[in-house]
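To keep things clear, I will list the structure first and then write my remarks on it.
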Amino acid sequence: MTANATPVPEAQIVEEQIAALKKVEEKEVAGPRTTLDRVIIRFGGVVSFLFAIATFISIYEIAARYFFNSPTIWAHETVIALVAVCYLYGGMQCLAGDKHIRIGLIYFGTSGGTRRLLDFVNSLMSLFFSVALCYAALTMVETSWFTPQGDFRVERSGSAWNPMTPALIKMALMITAGVLSVQNVGHLWVAWKGTGFRQSSDEKPSLGAIIGIIIVFGLLITGGYYLFTYGRDLGIQTGSLLLVGSIMVMILTGIPLAFVTGLIAILFTLAWFGPMGVPLVSSRIYSFTIEYVLVAIPMFVLMASLLDRSGMARDLYDAMKLVAGRLKGGVAIQTLVAAIFLAAISGIIGGEIVLLGLIALPQMLRLGYNRALAIGTVCAGGSLGTMIPPSIVLIVYGLTASVSIGDLFLATVTPGAMLGLFYIIYIYTRVSLNPKLAPPIDAAELDMPFGEKLKKLRGVILPAGVAFMVLGSIYGGVASVTEAAAMGVIGVFVSALVRGEVSWALIRDSLRQTLETCGMIIWIGLGASTLVGVYNLMGGNRFIENAILGSGASPLVIILIMMAILIVLGLFMDWIGIALLTMPIFVPIVVKLGFDPIWFGILFAMNMQVSFISPPFGPAAFYLKSVAPDDMTLSEIFRALIPFICIQLVALSLVLLNPQIALWLPQMLKN
């Protein structure tokens, strides 16, 4: 497309954005494999509307409390129950559509009979998990629906409203585990039929795959033998090695991460504490499911989904041209400024990268920007959602570390802005030193009439208003983080309504994406939270704490070791799994060393931002590849990200060595 080409109609641009988002959501995996899978996915569209109901209930509670001085006694628990049902159903939905997050070091490099053989193994291990989860949930249901004497009694919450939601959610967990078991049996049968043992030699599993599977099972069986033979007599040191080794071996084959951690948690519970310890697992799962702070996650995901499917992001991007248009490399700088605004609205990186990849990347390539510079700008800018509040990464950290999420949001403002500024300085410096990397400034395009400038500036008003409403309500004490997220959903919805962009398809697709995204996030959280709980009961937290604090290393060296561990884990694990596996162990050590957990939370968020764009599994690169030109390879994308990874590490080092960069703002406002 040339500079004088006919402008693309606005409706067509929106359709292209929606199509690209759907493309990102559809992984190159099996998808629905059985009739049950198809039924679950179809019914998931109905279940996802519970998110909308929970949002409106949250808004009703805010209005009743502030406008009518009549707070409700039922809204809080109702929202938790509705969202908990969505969390549980999201696990079945993701399994039906093969959307659960897996590492897949081996899995995604296979095809044909070898892929089917791995599917068989994965389905078998997933079946073990779902059956074990069903047993764990059954022990919890028995105590919530019956007295020790066997009499019928439904457990209630014990609040002023006193609903029976605890018993219902526990029953829903058991039903979910049962359905997961049936799904896995179906997947097991489909995978077995497709292994190719009766088919042509081209479709048969490779000899290497068969040998690899035998080795994996041999290692697991050997480890399981020692674990169940000796149990807690092994000691926490050997038990820790077995636990970590089991995770590493199992995830290599592509088993969903949530199922890996959940299964290992249950197996170690049975081996270490016996059947009497299983209720400890189910109680951790239940407690995680009903955590009110986590309700903010689906709200922000829904907010981002609505934003992605409307035209607000595109108009915001166009308006940023007025800010950066007269600078050398102005379109790239404009992209970064727009990315900061988008991050302040949604807190989700996937949609931002897709939108910027659709809007900014083609424009930069058409104008003659260096391909590596354009790629790095889109991926690094789109990943700023990790740092800019409201960041879901910080919400999960605040939950696991038991620190104020509002303080975390305040603390990340300066580091997030600093990182964005570093990106801008880097781009401006590079194009100034090497003008061939960017086209010359087109003064004629910028000298637009004043009325046209005002029209473009209107694109900032609605997104800025939503961001101000969300963050202002949190910092002003008007609403909790969860309620502010609900206000953000309504704000984006009303903005889209004012713009005439609301449609049934927009609402339906946004809610479905929210269900699937939360299914992935929460189920990893369920497994990781359970594993950490079991490991701590085994004495793992004390073991690691004593090992680190007794090493004789200086506090700064200990922090550096933690950062190195997070960077390594970030190369092949999802951020929520890393947060829930490491933070319950790391944060108490950080506090004992005399450091501020708010500061450490910012370090964690910055570390996870590095992981978003780091090879080999940086998700930002895969998001961009889904909408990039066909000739743009993943290796080219990752090479383009190296300078931006270096910038992230420099920013991380500055905050690590100068904690006040993060802490001055929350400390100032407290004083």
Side-chain angles (χ1 to χ4, degrees), residues 17 20-21 23-25 27-28 101-104 108 301 304-305 307-308 313 317 332 335-336 338-343 346-362 364-365 371-388 391-394 416 419-420 422-423 426-427 513 517 520-521 566-567 569-579 604-629 632-649 651-652:
Q17 290 178 0
L21 283 168
K23 184 179 177 182
V24 172
E25 294 163 12
K27 294 182 179 179
E28 296 179 0
I101 295 174
R102 61 175 91 213
I103 304 307
F108 291 116
V301 173
S305 299
L307 178 71
D308 292 344
Y317 179 80
T335 300
L336 286 171
I340 293 173
F341 270 88
L342 290 173
S346 67
I348 305 291
I349 71 161
E352 293 173 32
I353 293 174
V354 169
L355 282 168
L356 293 174
L358 279 169
I359 300 170
L361 184 63
M364 283 191 281
L365 296 179
R371 283 170 65 99
L373 188 66
I375 291 168
T377 299
V378 170
C379 283
S383 299
L384 283 170
T386 311
M387 289 293 299
I388 306 296
S391 163
I392 289 182
V393 174
L394 290 176
L419 186 56
F422 283 179
Y423 290 155
Y426 167 74
I427 291 171
Q513 182 188 0
T517 302
M520 291 186 287
I521 293 175
L566 293 176
I567 287 176
L569 290 176
L571 296 178
F572 59 89
M573 282 188 69
D574 187 75
W575 67 268
I576 190 169
I578 297 173
F604 171 73
M606 299 183 78
N607 205 309
M608 291 302 97
Q609 189 175 57
V610 175
S611 75
F612 273 121
I613 65 174
S614 296
F617 301 110
F622 291 93
Y623 279 121
L624 182 62
K625 180 67 177 76
S626 67
V627 294
M632 189 173 288
T633 64
L634 275 173
S635 60
E636 180 185 7
I637 293 174
F638 278 125
R639 284 197 304 271
L641 292 175
I642 292 175
F644 292 89
I645 294 173
C646 294
I647 294 173
Q648 289 176 336
L649 292 175
L652 174 62

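Computed from a prediction, not measured in an experiment: that's the story for all the values here.
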Any Q648 side-chain heavy atom under 4.5 Å of T386 side chain: no

I340 versus G420, closest heavy-atom pair with distance: CD1-CA, 4.4 Å

Qualifying residues under ring pair (Phe, Tyr, Trp, His ring centres under 6.0 Å), relative to F422, sequence neighbours excluded: none

Result block: side-chain N/O donor-acceptor pairs under 3.5 angstrom for residues 609-616, not counting sequence neighbours:
unit_1	atom_1	unit_2	atom_2	d
Q609	NE2	S383	O	2.8
S611	OG	M608	O	2.5
S614	OG	V610	O	2.5

V301 and I392, any side-chain heavy atoms less than 4.5 Å apart: yes

Nearest-0.5 Å distance that lies between atom CG in L373 and atom CE in M364: 7.5 Å

Nearest atoms (heavy-atom pairs only) where G381 meets A339: O-CB, 3.2 Å

I353 versus V378, closest heavy-atom pair with distance: O-CG1, 4.0 Å

Of all pairs that satisfy salt bridge (Lys or Arg N to Asp or Glu O under 4.0 Å), the ones with a partner from residues 634-647, not counting sequence neighbours: R371-E636

Test side chain to side chain contact (heavy atoms under 4.5 Å, CB included) applied to A640 - qualifying residues, sequence neighbours left out: A372, I375

Least distance between heavy atoms, L624 atom then C379 atom: CD2-SG, 3.5 Å

Sequence-distant partners of F644, ring pair (Phe, Tyr, Trp, His ring centres under 6.0 Å), two or more places apart: Y423, Y426

Pairwise side-chain contact, M606 with M387, heavy-atom cut-off 4.5 Å (strictly under): yes

Gap separating the CD1 atom of I642 from the CD1 atom of I647, nearest 0.5 angstrom: 12.5 Å

Gap between atom OG1 of T335 and atom CD1 of I427 - 0.5 Å precision: 8.0 Å

Minimal non-hydrogen separation, G416 against L384, with atom names: O-CD2, 4.4 Å

Closest non-hydrogen atom pair between G357 and P362, with its separation: O-CD, 3.1 Å

Flag side-chain contact, heavy atom, 4.5 Å: I578 against N607: no

